Amino acid sequence: MKLSFHGADRAVTGSCHLAEVHGLRILIDCGLFQGGREIDEENAADFGFDPADIDILLLTHAHLDHCGRIPLLVRRGFRGEIITTPATRELARVVLLDSAHLQEEEAERRSRKAHRRGQRGAAPLYGELDALNAMDLFGRKARYGVPLELSDGVRATFEDAGHILGSASIRLEYRDGGARRAVIFSGDLGNSGRPILRDPTSLAHAETVVMETTYGDRDHKPLAPSVQELYAAINETLERGGNAIIPTFALERAQELLYHLREGVEQGVLPRTLPVYLDSPMAISATEIFRHHPECYDAEAKALFDRGDDPFALPGLRFTRETAASMALNRITGGAVIMAGSGMCTGGRVRHHLRHHLWRQESSIIFVGFAAPGTLARILIDGAEHVRLFGDDIRVRAQRHTINGFSAHADRDELLAWHRAIQPEQTILVHGEEKAMQAFAGQLADTQVLMPRQGETIDL
Ligand SMILES: [Zn+2]
């Protein structure tokens, strides 16, 4: 088998790996590069292979940095089969359509600017039609633990990665002379002990592992004290008479927060009638999809579901899908929790809520996710006293809370334990900053460690 690497190499976004075996070309993920300005060019660049030559695309999960270039792949000639879990297929539909809209909006904005300067307009990376065409290529559905025959002697098995709903690690088995060999692609691995999802499945031996190293150099804070911190931050805000604004990612984090808030209400730690607004169309769709997939739940969430209880419902929860309903939230001056995207405050409705609340000392902004350098979330977390929003200078007087225990990624200890169970002869590290990767490599023993660069090929 020949492996080549086309994204998330010594970096965390743009996951894309190509396996070639017995004349079959199998792509594992096809993600968008994210962050920074030069990224647009990187996304529009050649894939490093001809999309028309790819037979099968195996998708580990629905995060944009793993599936976001699929419509472009289709636009450039890919006509093969896309295989993933049923939950990932549903989430990917929402994610890809949303991404296509954003691409089209962004291109339109740039074109207007260019036209004013007498220059030619910009075309979007891909549009809604490309995303819809991509959906037509989703074929067989993978069930956890059940091998799928890709061609004579090449089999793929999706195993639960415990990262987001439907997420998987993929074992690819093939013949090598008389022997059978296997390579495992970790996808993104989840953080054990979180609600709703099961912990990542511990996998049996494979000769080679291609694994993520996002948090290869550090361990997370525990979850339980973080949940208590969240409750305390909300209650303090209610006492002051303000609103608690939570910038949130639409997939997984929003649903986990709903789960924790419901528990808080049930335990009497939060007021029974606490109004909670989920102000994100994508998060609302994702929550509906979560309700369709109890087969992905852990024992506790499944027990709730079987009892007829909705793990994501609390008495005061309102969904605001329409823009008018979202704008009406501006009239609520206190006593509510408002969850809105984007998680890093780089766009989306949360920016409107920040405009209405950042200057009010009775309100609070609660950060519960990763914030990349340069994003508004990071600037606020770092203590900025003034920010510019919609052309206005805003004095920041709201209380700020940064709660770090909610990660959807395995930490160093969990990555090591997952790796140890497999005992691979060869370990290929991807999806991590170089510093995290080097630190993680230093912890591995009895395995050959490789850290490919983009475009590099490895013969197994
Ligand atoms: Zn992910």
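Worth saying up front: this structure is predicted, and the values here are computed from it rather than measured. Just follow the structure's listing: the first ligand is 1, and inside any ligand the first atom is 1.
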Chemist: Holding to side-chain contact (heavy atoms from CB on, under 4.5 Å), I want the full list of residues that pass it with Thr402, two or more places apart in sequence or in another chain.
Modeler: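 Scan of Thr402 (side-chain contact (heavy atoms from CB on, under 4.5 Å), adjacent residues dropped) gives Phe367, Ile381, Asn404.
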Chemist: Side chains of Ser326 and Thr323: any donor to acceptor distance under 3.5 Å?
Modeler: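 The criterion, which ignores hydrogens and geometry beyond distance, is not satisfied for Ser326 and Thr323.
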Chemist: Just to be sure I understand the site: which N, O or S atoms from the protein are less than 2.8 Å away from the Zn ion (ligand 1)?
Modeler: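 Only His61 NE2, His63 ND1, His163 NE2, Asp188 OD2 fall inside 2.8 Å of the Zn ion (ligand 1).
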Chemist: Say you draw a straight line from CZ of Arg349 to CD1 of Ile338; how long is it, rounded to the nearest 0.5 Å?
Modeler: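 Spacing of CZ (Arg349) from CD1 (Ile338) equals 11.5 Å.
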Chemist: So among His17, His63, His66, His61, which one has a ring-ring contact (aromatic ring centres under 6.0 Å, His included) with His431?
Modeler: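 Testing each of His17, His63, His66, His61 against His431, the sole residue satisfying ring-ring contact (aromatic ring centres under 6.0 Å, His included) is His66.
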Chemist: According to the interplanar angle, ranging from 0 to 90°, do the rings of Phe290 and Phe312 count as parallel (below 30°), tilted (30 to 60°) or perpendicular (above 60°)?
Modeler: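 Because their plane-to-plane angle is over 60°, the rings of Phe290 and Phe312 count as perpendicular.
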Chemist: Regarding Arg321 and the six-membered ring of Phe319, is the cationic atom NZ or CZ under 6.0 Å from the ring centre and inside 45° of its axis?
Modeler: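 No, cation not above the ring by the 6.0 Å, 45° rule.
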